[in-house]
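All residue numbers refer to positions in the sequence shown, counting from 1.
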Amino acid sequence: MDATLPTPQTVHTATTAALAGREGFDERFLGVPVPVPVLAGVETVLLPYTHFSVLMRPDKRLAAITALGIEGAKLMDLDRSGIQWRLDPRLPEDQQTGERVYTRNDIDRGHLVRRASAVWGDPRAEAATANENTFHYTNAAPQAAKFNQGLELWLGLESYLLENAADNGRRLIVFTGPIFSDVDPVYRGVEIPLRYFKVAVFLQDGSLAAIGYVVDQTPQLADLDDVPKPGAVGDGVPPLGPFRTFQVPIRDIAALTGLELDQLVGVDRMPIAAALPSVRVTSAWRELSRPECLDLDFDLND
């Protein structure tokens with residue numbers, strides 16, 4: 001082990017007790033069942049926190065998917081200062097990505113569950129607990145610093161949907177995770193995903209609706225001297241470029257990740273997903289320049 005890098009953290013029993021009783025993601029958050037998608041044929045561990053859950057892949061030491069319920073009417077603006085990133089004591093240290101991957105480089109701990117989206121509740125203590133829970137390494141993924149700090153559009157889509165599309169008390173479910181591929185560079189024993197996905201699920205006129213989108217950090221990783229260069233982009237993988245976000249058919253996310261997303265594919269509100277149900281993966285991706293560019297088959301002003 002490189003002596004200049006942090007040694008593994010010690011997990012204390014008291015820390016484990018602090019996470020006891022977490023209910024995690026509520027699959028009936030919208031009033032109809034929307035379970036956490038599963039990943040068939042791969043060992044996973046579901047970890048519940050306050051308002052969200054993380055489905056971990058021990059083989060990757062990263063999440064396969066995170067699941068968050070957002071109650072827009074109860075969102076709070078709480079400070080993050082003083083909250084330290086920490087390992088989850090319910091999972092062995094060698095099955096999660098800790099500080100060793102993020103130290104002395106230009107790689108950020110990128111929140112998968114957006115901190116600001118998880119911080120809601122009544123009383124305030126509930127929101128404060130959720131705030132702290134988002135700082136577990138299980139909710140982080142390695143992202144180039146320039147990429148992580150330039151995701152205004154990617155993050156703003158959640159707020160846009162809460163304000164303009166979500167019924168049922170401004171409630172929204174967000175599934176987020178990495179898209180692993182054979183060309184992801186390996187850095188300090190961990191694969192750094194080149195791309196990430198989100199699927200937002202909400203009620204529109206009383207019916208379940210969902211949209212999917214993808215963002216890419218390949219150009220930013222290529223600029224980091226101490227990170228292996230990403231592998232060659234293969235067929236069917238578009239060169240997305242810096243800070244480019246795409247709305248994509250949810251069926252493409254299912255194909256690229258292996259996650260069971262049939263329920264959400266069936267309610268995808270991207271019109272081309274229904275019009276062209278069998279086109280090649282990535283061929284129907286649509287670049288977004290602002291949240292208003294989302295292609296939805298209903299009028300947000302109705």
message: Whether the side chain of Thr134 engages the backbone of Asn131 through a donor-acceptor N/O pair (distance < 3.5 Å, no angle test) should be reported.
response: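 It does hold such a pair.
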Residues that Arg22 engages under salt bridge (charged side-chain N to carboxylate O under 4.0 Å, His left out), provided they are two or more places apart: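 None.
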message: I need the minimum non-hydrogen distance between Pro249 and Asp268, along with the two atoms involved.
response: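 Closest approach of Pro249 to Asp268: CA-OD2, 3.5 Å.
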query: Is Val281 reachable from Ile250 through a run of hydrophobic residues whose side-chain heavy atoms are each under 4.5 Å from the next?
result: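 Ile250 clusters together with Val281.
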- prompt: Does Gln217 use its side chain to pair, donor to acceptor, with the backbone of Ala144 at less than 3.5 Å?
  reply: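 Yes, the answer is positive, given that a donor and an acceptor are paired below the 3.5 Å cut-off.
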Asp26 with Arg28: basic N within carboxylate O range, under 4.0 Å: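 The answer is no: the pair does not qualify as a salt bridge.
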message: Within the structure provided, determine whether Ile173 and Phe202 are in side-chain contact (heavy-atom separation under 4.5 Å).
response: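 Not in contact.
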- request: Heavy atoms only: give me the nearest Ala141-Tyr102 pair and the separation to one decimal.
  value: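 Shortest heavy-atom separation between Ala141 and Tyr102 comes out as C-OH, 3.5 Å.
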field: Non-hydrogen side-chain atoms of Cys293 and Arg286 separated by less than 4.5 Å
entry: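 They are in contact (side-chain heavy atoms under 4.5 Å apart), so the answer is yes.
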query: Rounded to the nearest 0.5 Å, how far does OG of Ser289 lie from CD of Glu287?
result: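 If I round to the nearest 0.5 Å, the distance is 7.0 Å.
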- prompt: What do the steps show when you test Phe246 against Asp216 for side-chain contact (heavy atoms from CB on, under 4.5 Å), and what is the final call?
  reply: CA-CA 9 Å; Phe246 282 69; Asp216 184 278; over 6 Å; no
- prompt: Between the main-chain N or O of Val101 and the side-chain N or O of Asn105, is there a donor-acceptor pair closer than 3.5 Å?
  reply: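 Between the backbone of Val101 and the side chain of Asn105 there is a qualifying donor-acceptor contact (under 3.5 Å).
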query: Looking only at heavy atoms, what is the nearest atom pair of Ala64 and Leu39, with distance?
result: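 The pair with the smallest heavy-atom distance is CB-CD2, 4.1 Å.
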field: Arg109, Arg86, Gln84 screened by side chain to side chain donor-acceptor pair (under 3.5 Å) with Glu99, the one that passes
entry: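 Only one option passes, and that is Arg109.
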query: What's the shortest heavy-atom distance between Val42 and Asp59, and which atoms?
result: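 Smallest interatomic distance, heavy atoms only, reads CG1-OD1, 4.3 Å.
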- request: Would you indicate whether the side-chain heavy atoms of Ser53 and Leu47 approach each other to under 4.5 Å?
  value: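 No. Closest side-chain heavy atoms not under 4.5 Å.
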message: The test is side-chain contact (heavy atoms from CB on, under 4.5 Å); show your working for Leu288 and Leu153 and say whether it passes.
response: CA-CA 8 Å; Leu288 303 176; Leu153 171 60; 4.1 Å; yes
message: Determine whether Phe180 and Tyr196 satisfy the following criterion, ring-ring contact (aromatic ring centres under 6.0 Å, His included), listing intermediate values before the conclusion.
response: CA-CA 9 Å; Phe180 296 108; Tyr196 295 87; 8.6 Å; no
- prompt: Phe197, Val38: one ILVMFWY side-chain cluster at the under-4.5 Å cut-off?
  reply: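 Cluster IDs for Phe197 and Val38 differ.
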query: What is the distance from atom CZ of Arg114 to atom CG of Leu151, rounded to the nearest 0.5 Å?
result: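 Here the rounded value is 10.5 Å.
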query: Angle class for the Tyr213/Trp154 ring planes (parallel below 30°, perpendicular above 60°, tilted otherwise)?
result: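 If you compare the ring of Tyr213 with that of Trp154, the planes turn out perpendicular.
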message: Parallel, tilted or perpendicular: which one describes the rings of His111 and Phe135, with boundaries at 30° and 60°?
response: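 Plane angle over 60°, so perpendicular.
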Pairs under 3.5 angstrom only: tabulate donor-acceptor contacts from the side chains of residues 71-80 to other protein residues two or more places apart or in another chain.
{"unit_1": "Glu71", "atom_1": "OE1", "unit_2": "Arg171", "atom_2": "NH2", "d": "3.0"}
{"unit_1": "Asp79", "atom_1": "OD1", "unit_2": "Ser81", "atom_2": "N", "d": "3.0"}
{"unit_1": "Asp79", "atom_1": "OD1", "unit_2": "Ser81", "atom_2": "OG", "d": "3.4"}
{"unit_1": "Asp79", "atom_1": "OD2", "unit_2": "Ser81", "atom_2": "OG", "d": "2.7"}

- prompt: Does any N or O in the side chain of His51 come within less than 3.5 Å of the main-chain N or O of Ala130, such that one atom is a donor and the other an acceptor?
  reply: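 Checked: no pair found.
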- prompt: In Å and rounded to the nearest 0.5 Å, what is the CG to CZ distance from Leu46 to Phe25?
  reply: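 Reported to 0.5 Å precision, the distance equals 10.5 Å.
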- prompt: To the nearest 0.5 Å, what is the distance between CG (Asn164) and CZ (Arg170)?
  reply: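 Asn164 atom CG to Arg170 atom CZ measures 9.5 Å (nearest 0.5 Å).
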message: Tell me if a side-chain donor or acceptor on Thr97 pairs with a main-chain N or O of Leu62 at a distance below 3.5 Å.
response: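 Here the side-chain-to-backbone pair does not exist.
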- request: Mind running side-chain contact (heavy atoms from CB on, under 4.5 Å) on Gln95 and Arg57 for me, showing each step along the way?
  value: CA-CA 8 Å; Gln95 293 183 12; Arg57 284 191 59 168; over 6 Å; no
- request: Dump the intermediate steps for side-chain contact (heavy atoms from CB on, under 4.5 Å) on Trp285 and Val214, then the final yes or no.
  value: CA-CA 9 Å; Trp285 292 20; Val214 167; 3.9 Å; yes
message: Any side-chain to backbone donor/acceptor pair from Thr245 onto Val215? Under 3.5 Å, distance only.
response: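 Such a contact is absent between Thr245 side chain and Val215 backbone.
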- prompt: Can you check whether Pro185 reaches Leu194 side chain to side chain, under 4.5 Å on heavy atoms?
  reply: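 The answer is yes; the side chains approach within 4.5 Å.
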- prompt: Does Gln263 reach the main-chain N or O of Val265 with its side chain, forming a donor-acceptor pair under 3.5 Å?
  reply: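 Checked: no pair found.
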- request: Keeping the roles fixed (side chain from Asn148, backbone from Gln143), state whether a donor-acceptor pair exists under 3.5 Å.
  value: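 No; zero donor-acceptor contacts below 3.5 Å.
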query: For Leu261 and Pro37, which heavy atoms make the closest approach, and how far apart are they?
result: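 Answer, listing the atom of Leu261 first, then Pro37: CD2-CG, 3.5 Å.
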query: Gln96 and Thr138: side-chain donor and acceptor closer than 3.5 Å?
result: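 On atom types as modelled, these side chains do not qualify, holding no pair under 3.5 Å.
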message: When you compare the side chain of Leu55 with that of Thr66, does any pair of heavy atoms fall below 4.5 Å?
response: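 The answer is no; the side chains never approach within 4.5 Å.
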- prompt: Using a distance-only test with no angle check, is there a side-chain donor-acceptor pair under 3.5 angstrom linking Asn133 and Thr50?
  reply: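 Their side chains do contain a donor-acceptor pair, which is all the 3.5 Å distance test asks for.
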Short side-chain to backbone donor-acceptor contact, Asp295 and Met270, under 3.5 Å: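 The answer is no, because no donor-acceptor pair under 3.5 Å joins these two groups.
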- request: Decide if the gap between the ring center of Tyr49 and the ring center of His136 is smaller than 6.0 angstrom.
  value: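 Yes, close enough.
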- prompt: Linking I/L/V/M/F/W/Y whenever any side-chain heavy atoms sit under 4.5 Å apart, do Val119 and Leu172 land together?
  reply: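 No, separate clusters.
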field: Check: Val45 and Leu91 side chains under 4.5 Å, non-hydrogen atoms
entry: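 The answer is yes; the side chains approach within 4.5 Å.
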message: Does atom CG (Asp182) have a neighbourhood of more than 12 heavy atoms from anything else shown, all under 6.0 Å?
response: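 Not buried by this count: 12 neighbours or fewer within 6.0 Å.
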Ala63 versus Leu112, closest heavy-atom pair with distance: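 Scanning both residues, the minimum pair turns out to be CB-CD1, 3.8 Å.
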task: Using a strict cut-off of less than 4.0 Å between a Lys/Arg side-chain nitrogen and an Asp/Glu carboxylate oxygen, indicate whether Glu191 and Lys60 qualify as a salt bridge.
output: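 Counted as a salt bridge, because a side-chain N and a carboxylate O are separated by less than 4.0 Å.
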- prompt: Taking side chain as C-beta onward, heavy atoms only, is Gln204 less than 4.5 Å from Arg269?
  reply: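 Yes, close enough: below the 4.5 Å cut-off.
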Check: Arg100 main-chain N/O paired with Arg188 side-chain donor or acceptor under 3.5 Å: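 Indeed, once roles are kept as given, a pair shorter than 3.5 Å links the two residues.
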- prompt: Which distance, rounded to the nearest 0.5 Å, do you find between the OG of Ser181 and the CG of Leu256?
  reply: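 One gets 9.0 Å once the value is rounded to the nearest 0.5 Å.
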- prompt: Hey, does Leu161 have a side-chain heavy atom less than 4.5 Å from the side chain of Ile211?
  reply: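 Ile211 vs Leu161: side chains touch.
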query: Could you give the distance from CE (Met56) to CD (Glu43), rounded to the nearest 0.5 Å?
result: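 Reported to 0.5 Å precision, the distance equals 11.0 Å.
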field: Atom CD of Glu292: over 12 foreign heavy atoms under 6.0 Å
entry: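 Check passes, neighbour count above 12.
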